[in-house]
Number of protein chains: 2
Amino acid sequence: MPSDGKSGAQGVDPEQLWLRPAEPRRGRRPSFSREAIIAAAVELADAEGLDAVTMRRVAAEVGAGVMSLYSYAPDKETLLNLMVDHVSGELTVTDPPSGDWRADLKTVAHLQRAHMLRHPWLPAALSTHRVPGPNTLAFLEHALAVLRPTGLDGASKLEIFAQITAFVAGYVTHEIAQAAASRAPDRAAAERRYLAAVAADGRHPELAEALSAPGRPLTPDSTFARFLSRLIDGLDTG
Amino acid sequence: MPSDGKSGAQGVDPEQLWLRPAEPRRGRRPSFSREAIIAAAVELADAEGLDAVTMRRVAAEVGAGVMSLYSYAPDKETLLNLMVDHVSGELTVTDPPSGDWRADLKTVAHLQRAHMLRHPWLPAALSTHRVPGPNTLAFLEHALAVLRPTGLDGASKLEIFAQITAFVAGYVTHEIAQAAASRAPDRAAAERRYLAAVAADGRHPELAEALSAPGRPLTPDSTFARFLSRLIDGLDTG
DNA sequence: TGAAATTCTCGTACGATGTACGAGAATAGA
DNA sequence: TCTATTCTCGTACATCGTACGAGAATTTCA
C-alpha cells in the first residue's frame with residue numbers, strides 16, 4: 001500500500017493518508033503490512049514510551065530493513081498518526097445515546113481516560129498529531145450523536161468534543177506524571193524537600209500552609225469525576 | 001554559576017537547580033551568564049519554536065562554544081526548565097486578592113492564557129518540564145492566596161491550580177493549532193475536503209450535519225471565557 | 001517466451017542532535 | 001611562583017530521520 005504522495009506544505013495530508021485505495025496489483029508483492037508495522041510501533045510505545053518508537057526499532061520488531069518502512073508510511077509523523085488512529089479502534093461504542101446527554105458525555109470522557117491510561121503516550125501524541133482517521137471519526141460521530149439533544153449548532157458541538165478531549169488529555173498527562181513520581185521515590189522525596197525548603201523561607205506563607213495542612217489525599221478517579229462534572233454540568237444548551 | 005551536580009535518577013533535581021548558592025570565588029571567571037543563555041534560548045523559542053532551541057544555536061546566539069553551555073546548565077532538559085521559569089517572571093501580580101475568589105481565579109487563568117499566547121512553546125514545555133522555579137512558585141503563591149476564601153485544604157487548592165493550568169495549556173495548544181491552520185490555507189483546505197469526503201460517505205450523518213450547519217463561527221476569546229466560567233463557577237467550597 | 005514496466009526491499013550515507021572527554025586558559029590563594 | 005580550581009570549547013561518538021539508488025520480485029505486453 002505504498003505511494004509517493006507529494007505534499008507541498010509541511011504536515012500530513014489527510015487525503016493521501018486515509019482515502020487511498022488499495023490499487024497496486026503489479027510489481028513485487030509487499031513482504032509486510034501497514035497493520036503489522038503500526039501494531040509493532042504501538043506495542044513499543046505501550047511498553048517503553050514514545051521515545052522508544054524509532055524507525056530502526058520498529059523495523060527490527062517486524063523483521064524489516066529500516067527503509068522498508070517508508071513504503072508503508074511516508075515519514076514518521078504519518079506513522080504516529082496511524083498509531084493514534086489504530087488504538088482509537090478500541091474506542092468502539094455499542095450503546096446508542098441514552099438521551100441524557102450529560103451522562104452520555106461523561107461516559108465518553110471516562111472511555112477516553114481509560115483509553116489514555118492504557119496507552120500513556122496518547123496525550124503527547126494527540127497534542128501534535130491531529131489528523132482524524134476513520135476510528136477517531138467513528139468516535140467523533142458517536143460524540144456528536146450524544147450531543148444531538150442539546151440542539152447546539154455544528155461548530156459548538158465540535159468545539160465541546162475538542163475541549164473534552166483536551167481536558168481529558170491534560171488530566172491524564174498530570175495523572176501519569178504523578179504516578180511516575182510515586183514510582184521514583186528518590187525524586188519525589190527530593191521534590192518534597194525542595195518545596196519544604198521554599199515554604200520555610202518565609203516568603204511563601206500560603207504554600208507553607210498548604211503543605212502543612214494537606215487534607216485527605218485525593219484519588220485520581222474521584223478527582224477526575226469531580227472536575228468532569230463541573231465542566232459538563234456547566235454546559236448549557238443554547 | 002556552574003557545578004557538576006551528580007544526579008542518580010533521570011530528570012532534573014530541583015534542589016541542585018534552584019537552591020544553589022553562588023559560591024565560586026576562585027578559578028577562571030565566567031565569560032557568559034546563565035541569564036544571557038536563558039534569554040537567548042527564550043528568544044529563539046519565541047521566534048522559531050521549541051525545535052529551534054538546539055544547544056548549537058543557543059551557543060551561537062550567545063557567542064559561546066557549544067560545550068560552554070554545559071557550565072551553566074547540566075543538560076538541555078534543565079535549560080528548558082530554566083526557560084519556563086524565566087518567562088514566568090512576566091506573570092507578576094501586583095493586586096492582592098479582591099476576596100471574590102472566582103473572579104480572581106478567572107483573572108489568574110486569563111493571565112496564564114495571555115502568557116502562553118506570547119510564548120507559544122510554553123504549553124508543550126510545561127507538559128514535560130514541571131519543576132517549579134522561583135517565579136512559578138511566586139505565581140502559585142498568589143493563586144493559593146486567591147483560593148484562601150474557599151477554606152479548602154492544601155491538596156485541594158494545589159489540585160485546582162494544577163487543573164486550571166492544565167486546562168489553559170490545553171486550550172491554548174488547541175487555539176494555536178487553529179491559528180496555524182488558518183495561516184496554512186492549503187492544508188486547511190485539504191482537511192476540509194477530507195472531512196467533507198468522509199461526511200459524504202453516508203456513515204457519518206452527525207458529522208455531515210455538523211459540517212453543513214456550522215452556526216456562527218466561534219472566537220477564541222469568548223470560547224475561552226465561556227469554558228473557564230463553566231469550570232470555575234462549578235467549583236464549590238467544601 | 002522474452003522484454004519492459006512496475007513495485008517493494010534495504011545497505012549505505014548524510015546531516016543534525018545531545019553530550020562525554022580532555023587539553024588548554026584564566027584566576028585565586030599558598 | 002606554584003598549585004588548585006574553574007571555565008572554555010574543539011573533537012568525537014552514538015543516535016536519529018531519511019535521501020538515494022541498486023537489486024529482487026512480480027505483472028503486463030510484444
Side-chain angles (χ1 to χ4, degrees), chain A residues 1-7 10-12 20-37 40-41 44-45 48-83 125 128-129, chain B residues 1-7 10-12 20-37 41 44-45 48-83 128-129:
Chain A
M1 214 165 267
S3 154
D4 19 335
K6 185 87 71 71
S7 85
Q10 71 220 20
V12 174
R20 191 128 33 85
E23 21 175 326
R25 270 278 151 258
R26 238 182 344 210
R28 182 175 182 166
R29 251 168 306 167
S31 307
F32 314 101
S33 76
R34 187 178 256 197
E35 276 304 299
I37 290 168
L44 261 175
E48 305 182 38
L50 253 198
D51 287 350
V53 181
T54 71
M55 299 305 269
R56 279 165 238 261
R57 289 210 54 187
V58 172
E61 217 70 39
V62 278
V66 193
M67 293 313 290
S68 297
L69 299 189
Y70 289 86
S71 298
Y72 300 87
D75 52 31
K76 193 186 180 182
E77 194 187 338
T78 299
L79 180 58
L80 287 174
N81 272 290
L82 291 167
M83 289 169 63
T128 37
H129 307 276
Chain B
M1 216 165 270
S3 155
D4 20 331
K6 185 88 68 74
S7 84
Q10 71 220 20
V12 174
R20 191 126 34 84
E23 22 174 329
R25 269 282 150 254
R26 237 182 342 211
R28 182 172 181 169
R29 249 167 307 165
S31 307
F32 315 100
S33 76
R34 189 178 253 197
E35 276 303 300
I37 290 168
L44 260 176
E48 304 183 37
L50 253 198
D51 287 349
V53 181
T54 71
M55 301 304 269
R56 279 165 238 260
R57 288 211 54 187
V58 172
E61 217 71 38
V62 192
V66 193
M67 294 313 291
S68 297
L69 299 189
Y70 289 85
S71 298
Y72 300 87
D75 51 31
K76 192 185 179 181
E77 193 186 340
T78 299
L79 179 58
L80 287 172
N81 273 290
L82 291 166
M83 289 169 63
T128 38
H129 307 276

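Side chains included, hydrogens not; waters and symmetry mates left out as well; all remaining heavy atoms used. Naming convention: chains lettered A, B, ... in sequence-line order (proteins, then strands); numbering from 1 in each chain.
- A distance of 11.5 Å separates CG of A:Asp51 from CZ of A:Arg57, quoted to the nearest 0.5 Å.
- With a 3.5 Å limit on both pairing distances and Watson-Crick or G-U wobble geometry required, the stems of 3 or more pairs in DNA chain C span C:2-7 with D:24-29, C:9-23 with D:8-22, C:25-30 with D:1-6.
- Rounded to a whole Å, the CZ atom of B:Arg26 is 6 Å from the P atom of D:dT5.
- Closest heavy-atom contact between A:Met55 and A:Leu69: O-CD1, 3.3 Å.
- To the nearest 0.5 Å, atom CZ of residue A:Arg56 and atom CE of residue A:Met67 are 9.5 Å apart.
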- Going 5' to 3' along nucleotides 9-19 of chain C, which nucleotides have protein heavy atoms under 4.0 Å from the base (write B), which only from the sugar-phosphate (write S), and which from neither (write -)? BBB-----BBB
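- The line from CE of A:Met83 to CG of A:Leu44 is 8.0 Å long, rounded to the nearest 0.5 Å.
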- Task: Decide yes or no on side-chain hydrogen bond (donor to acceptor under 3.5 Å, both in side chains) for A:Thr78 and A:Asp75, but give the supporting numbers first.
- Result: CA-CA 5 Å; A:Thr78 299; A:Asp75 52 31; 2.7 Å; yes
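- Remark: A:Arg28 engages no residue in a side-chain hydrogen bond (donor to acceptor under 3.5 Å, both in side chains) (not counting sequence neighbours).
- B:Pro30 places a side-chain heavy atom less than 4.5 Å from the side chain of B:Tyr72.
- By the 4.5 Å heavy-atom criterion applied to side chains, B:Leu80 and B:Val12 are not counted as neighbours.
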